[in-house]
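See below for the structure under consideration.
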Amino acid sequence: MASATALSWYAARGSASTGPIDFASFISYNGPIMDWVYVEDIAGHAGREVEVRGWVYHKRSSGKVRFLVVRDGTGLLQGTMYSADKDAPLFQTFDALTQESSVLVRGVVREEKRAPGGFELEIREIVPVQISRDYPITPKEHSTPFLMEHRHLWLRSEKQHAVLRVRAEVVKAIRDFFDGRGFRLMDTPILTPSACEGTTTLFETAYFDQKAYLSQSGQLYNEATAMAFGKVYCFGPTFRAERSKTRKHLIEFWMVEPEVAFATLEDITVLGEDLVLFIIDRVLTRRRADLDILERDVKPLERVAKPFPRLRYEEILPRLQEKGSTIKFGDDFGAPEEALLSEFYDVPVCISHFPAAVKAFYMQPAPDRPDLALGVDVIASESYGEIIGGGQRIHDLDLLEERIREHRLPREAYEWYLDLRKYGSVPHSGFGLGVERTVSWMCGIKHIRETIPFPRLLYRIYP
RNA sequence: UCCUCGGUAGCUCAAUCGGCAGAGCGGGUGGCUGUUAACCACUAGGUUGCAGGUUCGAGUCCUGCCCGAGGAGCCA
């Protein structure tokens, strides 16, 4: 009887009411909700009468038969109704519904091959909760600028659901991977007193009467927590005030950064490979249905295996030049170089031993080649670009002091960081993996902006 | 920040040489017993991004500005 109570609560408002909703009476309803079923669980309810609560995704009518497709956030369910009387009350209620109106729908679940999803609801009752007017996103095509302007509504569509479910799975996989290997989660601050690397542009904000900056990496703090806990990771949003305007850049993005005491470049490279493989495996086994919706060809993901091709910067340079790249020793990789790599290899590759001059101040130099840095980048296949950047950090106090001087960084701000080299310093390494680039690679979608619910882009902060 | 392209109905776009501003979708009305972006008929819907200029006449040509997209550099 409890579910009947819920239905009658809505029904009492009138079947096509658009007035204010009486939430107080809804809150006072406290009986068990026995028949409320989510669409993703519908298969277990065949033959039973259930209530689905959701929004009108689509509707069609054909004389004496009507179809109502409802989405409830977990899936889509088609409901049907028949009547010889076109003015039947149920039909009148149906006719008043518009796209994205919120509804309670009650009916009997039936297996039905003709219905999308294989199950169907024989509708007995429809109770509108709120009728929406002029929903802007129609079932036809829209331009990306228009959809971005309506991102808060775009999230309701099927493809966006698939991408964001993959994102949730990638995040879960990352946490499970590190937690399962005994890494401690160390949340690093978002408000920081100074640059982590000094090179990239930072968002400045007021910290009472001081200046503060939004973090562009948790790494330096992670080096401190790694010396405290051995192996750690931080996972959170990162901010870069660079005027980047490409499909691979967000102003605000999520990054996971492990840091391991006593680990070398080799150790951290293997860790990165294992992480990437773990994520791919999780997405392939648990989110295959979403990859199907996105029409993702999974073969490029399935063929990724250990070890990834390992290349030193100096090894790959002549091959790039042979293919027409204008890159010369000392230059960092650009988009054309990443694209060429995707021609050479159909799997991700690890590039290491970059010229020290183009890398961050904290990078450990190679023992036999001080002009090279012990850094490693993992470049995803299919031109999805750099997903991992990391390496071995300087552990020697004198060298680090020298680098801070060379880069003209304010020493006072780095006193605590130098302390880590004074009290039990050890070789240590870590990397950062970009969540959105990884998700766009998994999903096979070209633009990173769809891999986060509300992307922050150059010149776009709405909604 | 630089280069390139674009802005016409709610949306996606068309409009020939500078000569009556249009179509599909969506909305509304009616029809149809299995629709899958349903279909059929009718119907309403316009400050052509903004400001100025050339011209008998500008969506179209010129100048400036605003907004957006693609790419580069930088990086995850």
Side-chain angles (χ1 to χ4, degrees), chain A residues 57-69 76 78-86 91 95 98-100 110 112-117 120 122 132-150 157-158 196-197 199-202 216-219 235-257 272 276 331-339 358-360 375-380 384-390 431-441 446-449 451-452 457-460 462:
Chain A
Y57 195 71
H58 204 67
K59 63 173 202 174
R60 297 175 207 97
S61 70
S62 178
K64 298 182 184 63
V65 64
R66 314 237 149 148
F67 301 90
L68 181 68
V69 179
L76 297 175
Q78 174 168 280
T80 57
M81 62 194 85
Y82 295 89
S83 176
D85 174 15
K86 70 181 173 63
F91 273 25
D95 290 343
T98 55
Q99 195 187 355
E100 287 302 321
R110 208 161 40 82
E112 171 57 67
K113 288 193 186 67
R114 289 173 291 186
E120 198 167 72
E122 279 175 15
S132 72
R133 299 284 175 214
D134 301 322
Y135 185 70
I137 301 178
T138 64
K140 286 282 178 176
E141 284 164 26
H142 296 282
S143 64
T144 311
F146 177 81
L147 291 169
M148 287 303 307
E149 199 67 20
H150 298 85
S157 66
E158 207 180 9
C196 278
E197 305 186 16
T199 53
T200 37
T201 329
L202 291 161
Q216 58 174 358
S217 168
Q219 184 207 315
F235 195 175
T238 297
F239 309 87
R240 303 266 167 100
E242 293 156 4
R243 295 184 183 276
S244 298
K245 189 170 164 51
T246 81
R247 66 180 69 173
K248 288 176 184 150
H249 287 86
L250 291 172
I251 304 302
E252 176 182 323
F253 66 97
W254 282 64
M255 185 160 68
V256 61
E257 294 174 278
V276 169
D331 293 345
D332 214 344
F333 280 23
E337 286 70 38
E338 284 182 5
V358 300
K359 288 290 172 181
V376 62
D377 286 354
V378 176
I379 314 291
Y384 281 93
E386 184 183 339
I387 54 169
I388 284 180
F431 64 79
L433 174 132
V435 167
E436 290 78 13
R437 286 188 185 175
T438 304
V439 173
S440 66
W441 181 35
K446 290 147 298 196
H447 207 301
I448 197 171
R449 66 188 158 209
T451 62
I452 186 166
L457 299 159
L458 186 62
Y459 307 133
R460 179 179 290 282
Y462 178 91

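It should be emphasised that the depicted structure is a prediction, and the values quoted were computed from it without experimental measurement. Note on naming: letters A, B, ... go to the chains in the order of the sequence lines (proteins, then strands), and numbering restarts at 1 for each one.
- Heavy atoms of Leu250(A) sit under 4.0 angstrom from at least one base atom.
- In this structure a side-chain-to-backbone donor-acceptor pair under 3.5 Å is missing from Arg243(A) to Leu458(A).
- Nucleic acid contact class of Gln78(A) (heavy atoms, under 4.0 Å, all strands): base.
- Ile387(A) comes within contact range of the sugar-phosphate backbone alone, with a heavy-atom separation under 4.0 Å but no base atom that close.
- One N or O donor and one acceptor, one from the side chain of Ser244(A) and one from the base of C74(B), sit under 3.5 Å apart.
- Look at C25(B): its glycosidic torsion is beyond 90° from 0, and that puts it in the anti range.
- For Phe239(A), there are no ring pair (Phe, Tyr, Trp, His ring centres under 6.0 Å) partners at least two apart in sequence or on another chain.
- In this structure, His447(A) reaches the sugar-phosphate backbone alone: every heavy-atom distance under 4.0 Å involves primed, P, OP1 or OP2 atoms, never a base.
- For Pro145(A), the side-chain contact (heavy atoms from CB on, under 4.5 Å) test picks out Ser143(A), with sequence neighbours left out.
- Counting any heavy atom pair closer than 4.0 Å across all strands shown, Glu252(A) reaches no nucleic acid atom.
- Side chain Ser62(A) to base C39(B): no donor-acceptor pair is found below 3.5 Å.
- Separation of the C1' atoms belonging to C3(B) and G46(B) is 34 Å when rounded to the nearest angstrom.
- You'll find the side chain of Tyr82(A) stays beyond 4.5 Å of the side chain of Lys64(A), heavy atoms only.
- Evaluation of atom-type donor-acceptor distances gives no pair under 3.5 Å for the side chain of Arg66(A) against the base of C32(B).
- Glu252(A) pairs by the salt bridge (Lys or Arg N to Asp or Glu O under 4.0 Å) definition with nothing, not counting sequence neighbours.
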Could you write out each protein N or O paired with an N or O of nucleotides 5-14 of chain B at a distance under 3.5 Å?
residue	atom	partner	partner atom	Å
C11(B)	O2'	Glu141(A)	O	3.3
C11(B)	O2'	His142(A)	ND1	2.6
U12(B)	OP1	Ser143(A)	N	3.2
U12(B)	OP1	Ser143(A)	OG	2.3

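- Considering only residues two or more places apart in sequence or on other chains, Gln99(A) meets the side-chain contact (heavy atoms from CB on, under 4.5 Å) condition with Tyr135(A), Pro139(A).
- For RNA chain B, the stems formed by at least three consecutive Watson-Crick or G-U pairs, with both atom-pair distances below 3.5 Å, span B:1-7 with B:66-72, B:10-13 with B:22-25, B:27-31 with B:39-43, B:49-53 with B:61-65.
- Applying the 3.5 Å distance criterion, the base of G68(B) shares no donor-acceptor pair with the side chain of Glu149(A).
- Backbone-only contact: Gly334(A) has heavy atoms under 4.0 Å from sugar-phosphate atoms and none from a base.
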